[in-house]
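Worksheet for the structure shown next.
Note that the structure is predicted; figures quoted are calculated from it, not measured. Counting starts at 1 for both ligands and their atoms, in listed order.
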Amino acid sequence: MAINKVGVVGGGLMGHGIAQICAQAGWDVVLREVDDGKVEKAVAMIDKQLSRAVDRGRMEGAAADAVRGRIEGTTDYGRLADCDLVIEAITEDLGLKLEMWKEVDPIVKDGAFLATNTSSLAVIDQAAVTSRPDRFLGLHFFNPAQVMPLLEVVQTVTTSDEALKVGFEVGEVLGKTVVHAKDKTGFIVNRLLVPYMLDAVRAYEEGVGSIEEIDAAMKAGANHPMGPLTLADFVGLDTLVSIGAVMFDEYRERRFAAPPTLRKMVAAGWYGRKSGKGFYDYSGDKPVASELGL
Ligand code: CAA
Ligand code: NAD
């Protein structure tokens, strides 16, 4: 099936990036957020990344304008009606996602495909509340979506071969490395990466090293681009706690459980880089390790 128009629901860390790369691929994009302020914020993030691409000589100014011109920000679900594919990237909360699909599924035209970018929730739980579980799949992008090469395409027991093929084609058009993943909580990457980040928090709680030492060690000792606590801040501590809760609930193994420090940070509103404070404070020129009082 030819894709001409893509809907992206949620314009946060992931949604704005997914909307941008879809528009860069030449597709018209409708980006839905909950209120005008959030729509403006999402579009401003895209503008910032496009300006950066132009400044660095990676994109012509006219091409950036064309990309921007293909993106329509809205709070109106009705604008998704003629999309060929709708990808949700809203908060990692099953209740919110089900509520959203119950509104969106009847609006979007017959024959269109629906996808979730969930990090951890079983895709089938969302597929099952729509009228088209055969046309529902997981499209799991990585943060930042503009840069990270991987796309996990997730097939549920109901996902048709046609829908799976669309997932692979989307990945190909976007220039991603596509990996076929089964609908198992965390898929491939988060099954391995989430326990690693959570264990880094436990190592910090146990006094193995300071925040900076743990990060510096994994950068220099394992050649990771970011240390695990910087990465946790980058993913969003609220999202990480939600992912941990889903994975622990599924597997009942300690390695997936969010440690107390992380849960308390989220309770305090420390969501990581997106809120300006997490394991580091991002208010100055350079991130400074936070005082967590352990
Ligand atoms: N948004 C968009 N593009 C960005 C970006 C952002 N937040 N940050 C960096 N970039 C792009 C820019 O294009 C930049 O190029 P220019 O400088 O020419 O503009 C390019 O990336 C390189 O950026 P930097 O030189 O500033 O920084 P870097 O070389 O350290 O790379 C990084 C930044 C790509 C984020 C790198 O640090 C990295 O790979 N970190 C690990 C990211 C990671 O592991 N992501 C997966 C998280 S888990 C997940 O996503 C799954 C889940 O479900 C939770
Ligand atoms: P985020 O908190 O940055 O953004 C979520 C956005 O969804 C918010 O802006 C919120 O206003 C919006 N939203 C909530 N309900 C909505 C609705 N009904 N309609 C439109 N917008 C709505 O979260 P995020 O990091 O972008 O995560 C989004 C999804 O992507 C989650 O399922 C998450 O697990 C997944 N994911 C996150 C990462 C990551 O590294 N952060 C990576 C891959 C996948």
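Using 4.0 Å as the threshold, Leu231 has a heavy atom nearer than that to some atom of ligand 1. For His140, the closest heavy-atom approach to ligand 1 falls below 4.0 Å.
Distances from atom 16 (P) of ligand 1 to the heavy atoms of Gln20, Arg56, Met197 show the closest one on Arg56. Ranked by closest heavy atom to atom 34 (O) of ligand 2, the top entry among Ser119, Gly11, Ala42 is Ser119. Compare Ile90, Leu240, Asn117, Asp93 by their heavy atoms: the one nearest to atom 31 (C) of ligand 2 is in Ile90. Nearest to atom 10 (C) of ligand 2 by heavy-atom distance, out of Glu33, Met100, Glu152, is Glu33.
At the top of the distance list for atom 9 (C) of ligand 1, counting protein heavy atoms only, stands Arg52 NH2, 3.6 Å. The shortest contact between atom 40 (N) of ligand 1 and any protein heavy atom is with Met226 SD, 3.5 Å. Of the protein's heavy atoms, Thr91 N, 3.8 Å lies nearest to atom 5 (C) of ligand 2.
Considering backbone and side-chain atoms together, Val235 places an N or O closer than 3.5 Å to an N or O of ligand 2.
Heavy atoms from both the backbone and the side chain of Asn143 come within less than 4.0 Å of ligand 1. Residue Asn190 touches ligand 1 through its side chain alone, judged by heavy-atom distances below 4.0 Å. Contact annotation for Arg58 and ligand 1: only side-chain heavy atoms (C-beta onward) come within less than 4.0 Å of the ligand.
With salt bridges taken as basic N to acidic carboxylate O contacts below 4.0 Å, one links Lys109 and Asp84. In this structure, Arg255 does not pair ionically with Asp199, as no charged nitrogen and carboxylate oxygen lie closer than 4.0 Å.
The atoms of ligand 1 that sit less than 4.0 Å from any heavy atom of Pro144 are 1 (N), 2 (C), 5 (C), 6 (C), 35 (C).
The cationic atom of Arg273 (NZ for Lys, CZ for Arg) does not lie both less than 6.0 Å from the six-membered ring centre of Tyr280 and within 45° of the ring axis.
Residues Tyr196 and His224 bring their aromatic ring centres within 6.0 Å.
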